[in-house]
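Treat the numbers as computed from the prediction; the structure is a model and nothing was measured. Order of the sequence lines sets the chain letters (A, B, ...), proteins ahead of strands, with each chain counted from 1.
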Amino acid sequence: MTCDTRIGEMNNKLYTEGSLKKSEDEEVCNESWPRKLETTLAKLKQQVQSTRNSVIMDKMESNRVKLLQYTSRLIDYTKRWAENRPQESLSKYQRVVVPSDGADEREDGLSTAIPVIFSSSQSKQNIRAVKLALQQNVPAYTTWIYLDRNQRMTEDQSVQGRRRIYYDPVGNETLIASDSEEEEIEEEEVKHEFSKGEDYIIWMTVQECGVDERVFEHIAETLDVNCDEVQARYVIMATDVDKQVKCEDHGKGTHTKVIISPSGRRKVTRDQGRMAFKEALGGLDAEASQKHGAASQPGKSENIEAKDLAAAMDSFDNLFCRRCLVFDCRLHGCSQPLVHPSERQQPMMTTPDAENSEPCGPNCYKLLRKAPSSQTQTSMSFSLASSSSNVCETSFSVDGVEKVRATKRRRIQEERTSWSADMQLDIPGPIVPPVGETASKEQTGLEDACLAEAGVELVHVGSKTEKRTGMAAEIAAAVREQDAVLASDVDVVVLHETKRRQKNKSRLTPSSKGGETTEPNGLSKQLEMKLKFVESEQGEGKTLNDDADSRDRLSEKTVCEISSYTSQMLKNQHLVPTYDSKRNEDTCSKDPEKLLHQPGSLARKLRKSTEMLLDQVEIDASQNEAGSLQDYQPQKEDRSRSTAAKKLARSSRNSIVHNFSAQHQRLLMQMDQKRGIEENHQKDQQGSVNIRVTTKSQSLGLTTADQSHVADDSINVFDGGDGVSIPIENKKRSRPPDTGKPKKVERREDRTPLKPSSVINLSEGELTDSHVITETSSVDKWTPLEKGLCEKGLQIFGRSSCLLAKTMLKGCKTCAEVADYISAHEKAAIRSVEAGTSQFADSLGCMTDWDNEIKRARAKFFGKKKGSRRLKFTLKSAGQSAVRKRMNNGKDLVCRQFTPCGCLFSCGKQCPCQLNGTCCEKYCGCAKGCKNRFRGCHCAKSQCCSRQCPCFAAGRECDPDVCRNCWIGCGDGNSVCPPQREEKEHYTCHNMKLLLKQQQRVLLSRSDVAGWGAFLKNTVNKHEYLGEYTGELISHREADKRGKIYDRENSSFLFNLNDQYVLDACRKGDKLKFANHSPNPNCYAKVIMVAGDHRVGIFAKERIMAGEELFYDYRYEADRAPSWAKRGDDGGNGKKEDTGTSSGRGTKQAS
Amino acid sequence: MAGKSIPFGNEPLEGIPVVGKKKRDYKVCNRMAGGKRPLYAITFNFLDSRFFNFFATAGGNRITVYECLPGGAVGVLQAYVDEDKDESFYTVSWASDNAGSPLLVASGSNGVIRIIDCSTEALLKSLVGHGDSVNELRTQAMKPCLVVSASKDESLRIWNVVTNVCVLILAGAGGHRNEVLSVDFHPSDQYQIASCGMDNTIKIWNIKDFWVYVEKSFTWTGSTSTFPTKYVQFPVFNASVHSNYVDCTRWLGDLILSKSVDNEIVLWEPMFKEHGTEGVVDILQKYPVPECDIWFIKFSCDFAFSTLAVGNREGKIYVWEPQSSPPNLLAKLCASGCKSPIRQTATSYDGSIILCCCEDGMIWRWDAVGPVSNTSLLNH
């Protein structure tokens, strides 16, 4: 400080040298300053003081007035009984009167004259005392009150001066039970909070005496505050005043109310903090929000919107316990590490495309889409639909006798018909003028991706309407190629196309002309649908080829496809399990109702369709395959749509289906298809149906995969819901893995020319670009928060924009806007994925490389274990070495506390779980296939209550999420359990009682032995679960501290839980804590892992009759046990509250 | 403002412990030994105008009811003795049932709350529930069957002494972190309760959200153990005015008088904030009480809060006029025989009689010489 003043003086001197006249003034000032300062300060102080006094007086006065009201009301109140029963008085009981003795006047005589009322000696003056009967208070530990001191113990220092000191009578050791180890609380340098009075003094003195170091110094001295702080305070006030002035100038001081007040500073700092935060956000969002901030101090709500979702969700991320599913969980504490599971859950809803439902509101995207279609268009499309439906039926009729198939067909048909009603919606206006006209236009149009899409669309239409006028083959090819490109793997398809192109030149492109016309209307949403159609065409083409006996080519293709797929991944086997589940769904969906639906019409249609089919087969034969292909396109479309409808119907089941990348599924399906073809090739009708179906699904898969890898349910549902692929799956399974295939693959690979990537990229780029351009404008309006919400919503609900708009973005965005945004994002995602980045894709919750990796990893895993499936469960579920050791070595090993690891995919050697010696649990980040995972049990009849059950053997409870047959049934069980488990409906797991809280009724009463005891209400059998031993979860260190005190009181409720925690039931616990110790107990305690947490269960060691007292062996460590718990001590009395002290802390242990 | 100096400009007005111009004279009229064990509580009945002259004392295992007779005489009316000789009553409070018969509610080291009907001299009920001794009981003046108890088990409980149910438990996450020593109902706002204790804090609770349970308790007919007793875990205001045990707190209108072991009583205003319970207090006045540095010394006011009497460690009583600004000391009472700590005082309805009970088991009665001018009571 002195240094500062010196510098100040030096400055002054320099200044005075500069101008002589001023220096004189300065000197004069300097001399008069101290006095002036003092007087002003004194004056101001007085002012402040007097204002303060007057404030207090005002307050007191106003309070007096209030109090007067209160008391006057009360006085009336006290008189209410006097009015009713005025005479009644306690005086009737008066017995002794102690007369006034004027004691103060006789100083010496006082001591003799004191009347003693209740002394036994002066019996005369005694009055009869009414006895108050003895009343035992409840024991202290039954009336514990809620105390979370435990949790706050470490950080909470608010209790000062509280310390219990116990003197150990034996060792003369002083035991201090303070709340913390640290005895001294470090005094922090507290920042001075300036009061109004101080502010006033600072401000006024500076106003009077000017800004100078010495002034501040003086003020600081009088106020007893640091000089720097005073200065800083002044600066703040000055700026505040400036602001205020400005605000007044502007005539609107609404945003910032700046007053010279202590709160002023706080406000400023908060604002600064906010700004800093925004800067930290980075990117556009931050800029935007800064603009907000700079423009004016906006309302809080605006600020929240400017935040991105991550920031807004911060408290959720930090405070929400992912294991207990509650906020601020006491068991696992807040700010747990964020563990993102590798496997994401399936979004809830189906794709919006599949929804037949009503539009959600006036702004629904469905309505918007509908709007452009004119009447003629609708009629057209309708006719198309009807014709295609016929076609479809024919195709169905082809396949055979099998009932299952038939039902499936019916179902599909039904859905398809329902779809056909919807067809107008789905087919956009542009279709109408499909007749090929201007080839040149088409070519130009092709360059535009949108046009291309439209073109594709038109291709279908054209084919449907059977206008096969010759068109520019290249265009068609290009269209196909584009599609192929979009289907990211594609080689095969491309190959396909090229091959087909050669033959189909004449036929292919009636439609592309329509592209342009469609363009204006070409809604981005429809793009996907169109693509699907195209792909389905392709698929159909393949099947048709089959039918047309082009075996050679087929084999070529298949091989080629297989090659490409196999080269990509070996995962197909992996997918098998998921298909199982899907199959279940399918069987579920085969409701008898559906069968009943259209019996008559179905038969008719079947007949018709068989005829149609025959015709078409003829056509196929006569024409070249491509032609037939075209014919079948509409049919395919229909089917794909019908499956879409199916999707909707099954949306409820979707959640079960696991996420599998569309790509993989498609691959798998194609594989299946190929196999099916190979197998059933020879006019096996069944086979052909299967093939078709799979092609369909495949094509769908293709589309979706292309379409930005969006992890929408649509894809997954499709895959999951497509029951048709199942038969193939079966075949595949039943058949041993084809060893011949890989060879073919290799051979093929040589031959197949890889896709013309340049073309692909180009067209694809165009496509996305165009779309992005159209949608950027709308996307711009989205705030970061809305974006974040939307993306979250995509993960949760899937691409149902209606639902998203309704739930997540209510009041912010309309359904149509959401739909636009989603599609725009998908486009962006495609691009980014193609470019090799998967960020967007990831953000959209879609399948990424990441998932691929999981699958790959799992494929490996399964591959290894294949063939030893039965063994796998038994061996694997035994878990990691530590657990096995525990099982083998016995019970004395202390359990390890489990903390979820954040490993992605599978855990390596560095996995914290593995290092800690615990198994990975469902809370870990690693995938299900992680080798370190406890795999649950697979028990069928053992009811999980013997050591045959791996869960039981490992000292764990079964977990319905992990174990295969241990599910929680309620009611008839149908609603809860997947149908697959239906046959085992009667199986009940007996190893989930802690989880389900199925404890016995325990009664509390005076013990026969010592103190209180726990008694059983009902008779139980051996090994029955009685209840849980609960208490505060404390660390070992804390337990040592408490234990010393407890041991001194000789009543300890500590229970060793695991290597990290001890249960203390002293203040909090349940009735079972009163169960006394006995060397010959009838119960035993056992630490069990329940959903990742160790818990203590008390079990019956023998059959216990109703009303018996419960005892268990506390199993104190031999050297620490109190005398009553010593081994070999005489039994009978398991006294807990006995005399005698123990040297150490006795903690109970599980047997 | 524990530990922190009061900032400039927010200083309280501090009274001078010297009897000023405006004074009142008291003289000792009577004294008697209530027993050999220390007396911890003495209280007038302010609930019923018929019984304004009656007071009760509690100490040891004995509760006694007296009447202040004119002319300095004291009538001993009733005595109640707990059969448990180890019981030590710490507190007693008057209550009333719906019919207006006076009830005595007393509790102490056992933690059992005794409800005695004075009109029939019968023990009505013993309320159990507290896990440790009860340090103070207070009655809600507007609803004289509601009693709040402050306990060593760090909780406060609100009881309905007519239906004998425990209505609310004020404890938990935001509750006291050590023994609760004193508690008081707001004089007019039936929802507000101020409590203080060994954790150096004063907490204001608002039971408005739980008032349905209070209402329910009035008509409760079922078993007392089945009453849906609720926990109130968070006070609405949490003040650190003192830096040591706070052993007595009373509302003075909307302001609060509280006392620690710092030889003074502090009058402060709770400044409620919209968010959070860590409140700001504005300390308005201080009433110095020399030699008052041990805990469990409680002060009392008359009905209109115009007289405040507090004893000290040496047997002296300081009578302040709490509502005057700056504080005015009305009288300083000392008697030659009164040397042991005065645990509690009782001020009569109009402030003309001041009683005190001492550690040595003595009860002293001081009567005002001449009429007591009491503006607030004159209105009625």
Side-chain angles (χ1 to χ4, degrees), chain A residues 48 52-53 56-57 59-60 63-64 66-68 70-75 77-79 81-82 89-91 93-101 103-104 107 110-111 114-118 127 129-135 137-138 140 143-146 148 159-160 162 193 195-198 223, chain B residues 7-10 13 27-33 35 47-50 54 71-84 100 110-112 114 118 121 123 126 128-129 131 141 153-155 171-173 177-178 187-188 199 231 253-255 284 304-305 323 325 335-337 376 380:
Chain A
V48 171
R52 168 69 180 167
N53 286 355
I56 290 176
M57 285 178 192
K59 277 188 180 175
M60 293 298 291
N63 189 56
R64 177 200 296 277
K66 266 193 225 167
L67 195 52
L68 205 62
Y70 299 163
T71 47
S72 57
R73 212 187 314 161
L74 270 181
I75 286 173
Y77 220 70
T78 56
K79 287 172 181 161
W81 291 303
S89 169
L90 288 180
S91 309
Y93 300 106
Q94 182 177 326
R95 284 177 194 129
V96 181
V97 174
V98 183
S100 170
D101 60 353
D104 53 342
E107 280 198 10
L110 266 179
S111 52
I114 295 173
V116 178
I117 302 163
F118 303 115
I127 61 165
V130 178
K131 298 246 166 165
L132 302 177
L134 208 63
Q135 171 74 42
N137 199 356
V138 285
T143 66
W144 83 89
I145 61 148
Y146 175 90
D148 64 346
V159 184
Q160 292 176 11
R162 175 175 192 199
E193 289 268 333
S195 67
K196 279 183 193 175
E198 285 167 330
L223 295 181
Chain B
F8 178 78
N10 281 353
L13 277 173
K27 68 173 173 73
V28 178
C29 296
N30 209 336
R31 69 229 145 92
M32 61 213 121
L47 298 174
D48 193 334
S49 59
R50 293 171 293 166
F54 291 76
V74 173
V76 186
L77 305 184
Q78 299 172 357
Y80 303 93
V81 178
D82 196 307
E83 284 190 339
D84 181 3
N110 279 355
V112 181
R114 306 289 200 164
C118 291
E121 281 190 289
L123 174 70
S126 298
V128 291
D153 69 4
E154 308 180 4
S155 72
R177 288 282 170 269
N178 207 333
S188 71
D199 60 357
Y231 274 101
D254 291 329
L255 312 179
L284 300 175
F305 298 95
Q323 296 197 54
S325 180
S336 54
S376 55
H380 297 271

So, taking the atom named CD in Q323(B) and the one named CZ in R64(A), what distance separates them when rounded to the nearest 0.5 Å? 5.0 Å
Closer than 3.5 angstrom, by distance alone: can the side chain of N63(A) be matched with the main-chain N or O of D254(B) as a donor-acceptor pair? yes
To the nearest 0.5 Å, atom CG of D82(B) lies from atom CG of L134(A) at 7.0 Å
Selection from D84(B), L123(B), L13(B) maximising heavy-atom pairs under 4.5 Å formed with chain A: L13(B)
Point-to-point distance, once rounded to the nearest 0.5 Å, from OH of Y80(B) to CG of L132(A): 8.5 Å
Identify the two heavy atoms, one from S325(B) and one from I56(A), that lie closest to each other, and give their separation to 0.1 Å. OG-CG2, 3.9 Å
Which atoms of K66(A) are under 4.5 Å from chain B, going by heavy atoms: the side chain, the backbone, both sets, or neither? side chain
Looking at CG of L284(B) and CZ of R52(A), how far apart are the two atoms once the value is rounded to the nearest 0.5 Å? 6.0 Å
Any donor-acceptor N/O pair, S49(B) side chain to T78(A) backbone, under 3.5 Å: yes
Relative to chain A, which of L47(B), V128(B), V81(B) shows the most heavy atom pairs under 4.5 Å? V81(B)
Closest approach of L74(A) to P187(B) (non-hydrogen atoms, all atoms of both residues): CD1-O, 4.0 Å
Nearest non-hydrogen partners of A304(B) and T71(A), listed with the distance: CA-CG2, 3.9 Å
Examine distances only and state if a side-chain atom of Q135(A) and a backbone atom of S126(B) form a donor-acceptor pair shorter than 3.5 Å. no
Shortest non-hydrogen contact from S188(B) toward Y70(A): OG-CE2, 2.9 Å
